[in-house]
Amino acid sequence: MSALQRSALTPENRAEHLARLRAATSESPLDVLVVGGGVNGAGAAFDASTRGLSVGLVERHDWASGTSSRSSKLMHGGLRYLQMLDFKLVAEALRERDLLLETTAPHLVRPIKFVFPFFRKVIDRTYIGAGVTLYDAMQSVGRKRAVPFHRHLLHDKMLEVFPGLDGEKVVGALEYFDAQMDDARFVMMLVRSAAQHDAAVANYTSVVSYLHEGERVVGVRVRDEETGEEFDVHAREVILAGGVWTQDQQELAGADAGLEVLASKGIHITVARDAIRAVPDTGIITQTEKSVLFIIPWDEYWVIGTTDTPWKEDPTAVGATSDDIDYVLEHANAVLSDDLTREDVIGVYTGLRPLLQPVKKGSDSSKSTKVSREHTVMEVEPGLSAIAGGKYTTYRVMAEDVVDFATRTSFPGRPSLTRTVPVIGAQGLAELKRDKGAIAVQHGWEEIRIDRLIFRYGTLLRDVLTLIDEDPSLATPLEHAPRYVRAEAVYAVRAEGARHLADVLQRRTRLDYETRDRGVAAAEEIAALIAPELGWDDATAQREVETYRAYIDARLAGEATHTDAEVAAAIAAVPEVPVRA
């Protein structure tokens, strides 16, 4: 099997990956097993597999189904960390952002321009200007810049650059650059990259217990949530990348030391592009009393967020309240000339940011290694290393840190290679972009569609085009989601590991917040396309559709409530995917 074939997360390959996990016995264990399929876990699996280690990766739901699919979708240095004087973190994040733009994932990460509005002519221009000047200077130290330098905008020029700003409130602005990406697709591509380097990866595979020999963790017992089968997976080193579920896993392992991870809720709304007057590819950043507010251009809509409030309910049932939505609208309207209303809101999504607080239940402080202010790696049990905290942008550094730490004794002298090894789909990107005009003409597509496809797939787009060559009807746009062609739904199952309708609607595409009905109208058509790929009969396909509709109804009901407890109760009452019979 070729490396590209190994990377395809087909139903058949999932069975083969599970068989390889099942074959990891005490006599023939994996070198590294990673628990958690968000960006940190996927990044760690990719890092470890490129070192030539035998690697397993398990995730109890879908890839990136938690925090890692619900971010602001930015790869950025983090201007707000300069206010905290965390210069090291900002410099690290900027270096990683540029690496992603130029080497690691130029197909998945692209530059974006922001306008930072001033409300106090002298104070803001001086204070914010100094901060962004430092931000830019950090990008220029010892390397070529990946994005342009910032510039100051006087009042009239500001309105040329972003006409939708309120010129009566905003007295000027500063323009600077960062980068954006599709978070869920980025994680899925990391998983495929790990598989390409021979990692055994399986979503919908839960850890039900941790295996011990004496005090040492030597693996896990997992349950295939698709069949209910349970089996043991042995590994020399286990890495826990559980995000806001870290403590649950530590308790499951019976760890005598651990990391305390508190959850902070952040919500985003989407509105149509024509709801805000602006030029293409320019967004807004401004501060609120609780967080930073971004108004981010994305395809044919805007992503606006975020909030930053403690979440004390079940992390699997996180959602936005009516008050959360009103808060985001209020702060967006504080800088916009034309007010947005609830009627403008197309979709809403909510995630939990893991806030790290080291806790040692035992007395041996030598077990913990503090890697930076924003993330920590810790040996919570012999053989079990945990990582938590951090920023999406620095996932690669975090992966390198945790794999270095976990394998420091068992596999010394195997340095990380991910600084130079790109994510799958990056190689040959320049040639694909050169040929995009011919591809568009061949399939009768407009330039905007081919640009979207390249941003979603990189050079893996050629695999999608192969499906269309085999069945030209797959080039047809989806009836109720015309941003996507039918081939993308099929490819989501054949190559991207989608196991359920919700996986396609929420993470392989983003219809749950790109359409007013949250993807419900497209559910029947997509279910019909993927049912043959997954071996569903009519009853199973219908159950998937009905479950998704009920899940969206529960989310919408939650968005009419006013407390976290109410929204959590509404969402917890309905599963995202059908419960196994």
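The first residue of the sequence shown is numbered 1, and numbering continues consecutively from there. Owing to the predicted nature of the structure, the values given are computational and were not obtained by experimental measurement.
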What residue among F177, F114, F294, Y176 forms ring-ring contact (aromatic ring centres under 6.0 Å, His included) with H76?
F294
Should D299 and R456 count as an ion pair when the cut-off is N to O under 4.0 Å?
no
Could you go through K265 and D324, starting from their C-alpha distance and side-chain angles, then the distance that decides it, and tell me whether this counts as salt bridge (charged side-chain N to carboxylate O under 4.0 Å, His left out)?
CA-CA 10 Å; K265 180 175 72 168; D324 291 330; 2.4 Å; yes
Would you say Y395 and S68 are linked by a side-chain donor-acceptor pair, where the criterion is simply a distance under 3.5 Å?
no
Where is the tightest heavy-atom contact between E525 and H480, given as atom of each residue plus distance?
OE1-N, 4.0 Å
Please check if the number of heavy atoms outside K433 that lie under 6.0 Å from its NZ is greater than 12.
no
Is any side-chain N of the basic residue among D183 and R510 closer than 4.0 Å to the acidic one's carboxylate O?
yes
Give the minimum heavy-atom separation between G351 and R70, together with the two atoms involved.
CA-CB, 3.6 Å
Side chains of T321 and D323 only: does a donor on one sit below 3.5 Å from an acceptor on the other?
no
Donor on one side chain, acceptor on other, S337 and R277, under 3.5 Å:
yes
Using every non-hydrogen atom in the two residues, find where V318 and W311 come nearest and quote the distance to one decimal.
CA-CZ2, 3.5 Å
Using a strict threshold of under 4.0 Å (side-chain N to carboxylate O), is an ion pair present between K436 and D451?
yes
Residues D564, K312; criterion salt bridge (charged side-chain N to carboxylate O under 4.0 Å, His left out); working and verdict:
CA-CA 8 Å; D564 286 347; K312 301 184 183 301; over 6 Å; no
Is any NZ, NE, NH1 or NH2 atom of the basic residue among K391 and E92 found under 4.0 Å from an Asp or Glu carboxylate oxygen of the other?
no
Whether W445 and H443 hold their rings parallel, tilted or perpendicular, with breakpoints at 30° and 60°:
parallel
Using the salt bridge (charged side-chain N to carboxylate O under 4.0 Å, His left out) rule, take E175 and K157 through it: C-alpha gap first, then chi angles, then the decisive distance, then the call.
CA-CA 11 Å; E175 175 190 277; K157 185 63 175 178; over 6 Å; no
Polar contact flag, side-chain donor to acceptor under 3.5 angstrom, Y349-Q506:
no
Distance-minimising heavy-atom pair for S193 and V423:
OG-CG1, 3.4 Å
Examine the side chains of D503 and Y204 and answer whether a donor and an acceptor come within less than 3.5 Å of each other.
yes
How about T350 and R555: does a side-chain donor come under 3.5 Å of a side-chain acceptor?
no
For Y548, which of V577, V520, V574 qualifies under side-chain contact (heavy atoms from CB on, under 4.5 Å)?
V520
Side-chain H-bond candidate by donor/acceptor type, R507 with S69, under 3.5 Å:
no
Any I276 side-chain heavy atom under 4.5 Å of L340 side chain
yes
Show your reasoning for whether salt bridge (charged side-chain N to carboxylate O under 4.0 Å, His left out) applies to E524 and R549.
CA-CA 10 Å; E524 292 272 6; R549 286 173 176 165; 3.3 Å; yes
Distance-only donor-acceptor check, side chains S72 and H268, under 3.5 Å
yes
Under 4.0 Å between a side-chain nitrogen and a carboxylate oxygen: does that hold for R452 and E446?
no
Least distance between heavy atoms, L460 atom then R192 atom
CD1-NH1, 3.5 Å
Atom of V161, atom of V115 and distance for their closest heavy-atom approach
CG1-CG2, 3.7 Å
Could you give me the CA-CA distance, side-chain angles and deciding distance for D463 and L467, then say whether side chain to side chain contact (heavy atoms under 4.5 Å, CB included) is met?
CA-CA 7 Å; D463 295 344; L467 295 182; over 6 Å; no
Check R97, K73, K113 against D178 for a salt bridge (Lys or Arg N to Asp or Glu O under 4.0 Å) and give me the one that passes.
R97
